[in-house]
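Bear in mind the structure is a predicted one, so any value in this text is a computation, not a measurement. Chain A is the first sequence line, chain B the second, and so forth, proteins listed ahead of strands; every chain is numbered from 1. Excluded from the calculations below are hydrogen atoms, water molecules and symmetry mates; all remaining heavy atoms, backbone and side chain alike, are included.
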2 protein chains.
Amino acid sequence: MTDPKAPSVSALLELDRLVHEPARLAILTVLASAEEVQFKFLEEALGLTRGNLSSHVSKLEEAGYLVVTKAFEDRVPVTSYRITARGRKALESYRAAMLQGLSRGKA
Amino acid sequence: MTDPKAPSVSALLELDRLVHEPARLAILTVLASAEEVQFKFLEEALGLTRGNLSSHVSKLEEAGYLVVTKAFEDRVPVTSYRITARGRKALESYRAAMLQGLSRGKA
DNA sequence: TCCTTTTAGTTTGCGTCGCAAACTAGTCTG
DNA sequence: CAGACTAGTTTGCGACGCAAACTAAAAGGA
């Protein structure tokens, strides 16, 4: 901790809001465990509507947390995502902060 | 899990939004580790403005996650908070869901 | 060929939320 | 009594998440 007086719970107040949103946290978590993931897969795996998935993914893309690949497979358009190093780092930091804040440490 | 196919990351999508807000999560976490906590203490410990602290606490109170006690100490008004059983349970559930979702389990 | 359905995503509109700033109320000091 | 301080609450606004509406391209029938 930076400030020795700072209780670990303060880590919670500095969580990256972009990652903190449940849908995006779920998306990043899935992306972190696979090379490449398709839109369709995310939609079904997470039970998000296409609209929500699309907008969350856009935000993650704007932040540089993932990259988008649009391709055609058997003449069907397929959009895929890949987490970036930046995204992986953001997720890792988030995870660390959350785990720290969640630990039952006093104050 | 309800659906055997549901990956643990789905737990993330069912997080109690009331608890999920960082400031409120921090407040509940502090409250869970003490009998009673004063407004002033929370303000300083968490570095929240009085306004934000007040409004977050109000929401937690409305949800029945904490109870408020207003008293005077040496003619100075002191507002204190106590987590309720309901609040403690909500925090516990949140923690469990988050830890599950955060675990590096595939998908 | 034309039309309807399906798949794959994006955009739009609205209600809600979190934050900071402004405000209220009681106390103390000179 | 005037001004400053302590302790909170209320207000106003910008940002956000969600669902519904929309777009586009391909496949399947009649």
Validation row: A/K40, A/E44 side chains within 4.5 angstrom (heavy atoms): yes
In whole Å, I'd like the distance from the CZ atom of B/F39 to the P atom of C/dA25. 17 Å
Specify the separation, in whole Å, of atom CD of B/E62 and atom C1' of D/dT9. 13 Å
Would you say C/dT7 has OP1 or OP2 under 4.0 Å from some side-chain N or O of A/K40? no
Separation of A/N52 atom CG from D/dA20 atom P, in whole Å? 10 Å
A/L53 has an atom CG; how far is it from atom C1' of C/dT7, in whole Å? 15 Å
May I ask you to evaluate whether B/S54 reaches the phosphate of D/dG8, defined as a side-chain N or O under 4.0 Å from OP1 or OP2? no
To the nearest angstrom, the CG-P distance between B/L48 and C/dC19 comes to 8 Å
Give a yes/no answer on whether the side chain of B/K59 brings an N or O atom under 4.0 Å of OP1 or OP2 in C/dC19. no
Measure the OG1-CG distance between A/T29 and B/L102 for me, rounded to the nearest 0.5 Å. 6.5 Å
Base, sugar-phosphate, or nothing for A/E43, non-hydrogen atoms under 4.0 angstrom? nothing
Can you measure A/L46 atom CG to D/dG17 atom C1' for me and round it to whole angstrom units? 16 Å
Find the distance B/I27:CD1 to C/dC19:P and express it as a whole number of Å. 10 Å
So do the side chains of B/L12 and B/M98 get within less than 4.5 Å of each other, counting heavy atoms only? yes
Counting C-beta onward and ignoring hydrogens, is there a side-chain heavy-atom pair between B/I27 and B/L42 closer than 4.5 Å? yes
On DNA chain D, more 5' by nearest nucleotide between A/H56 and A/V76 is A/H56
With the side chain of B/R17 defined as its heavy atoms from C-beta on, choose the nearest nucleotide among D/dC18, C/dA8, C/dG18. D/dC18
Give the rounded distance in Å between these two atoms: CD of A/E73 and C1' of C/dA8. 13 Å
Main-chain N/O of A/Q100 paired to A/S103 side chain as donor or acceptor, under 3.5 Å: yes
Using the closest heavy atom to pick a nucleotide of DNA chain D for each, name whichever of A/R50 or B/S58 lands nearer the 5' end. B/S58
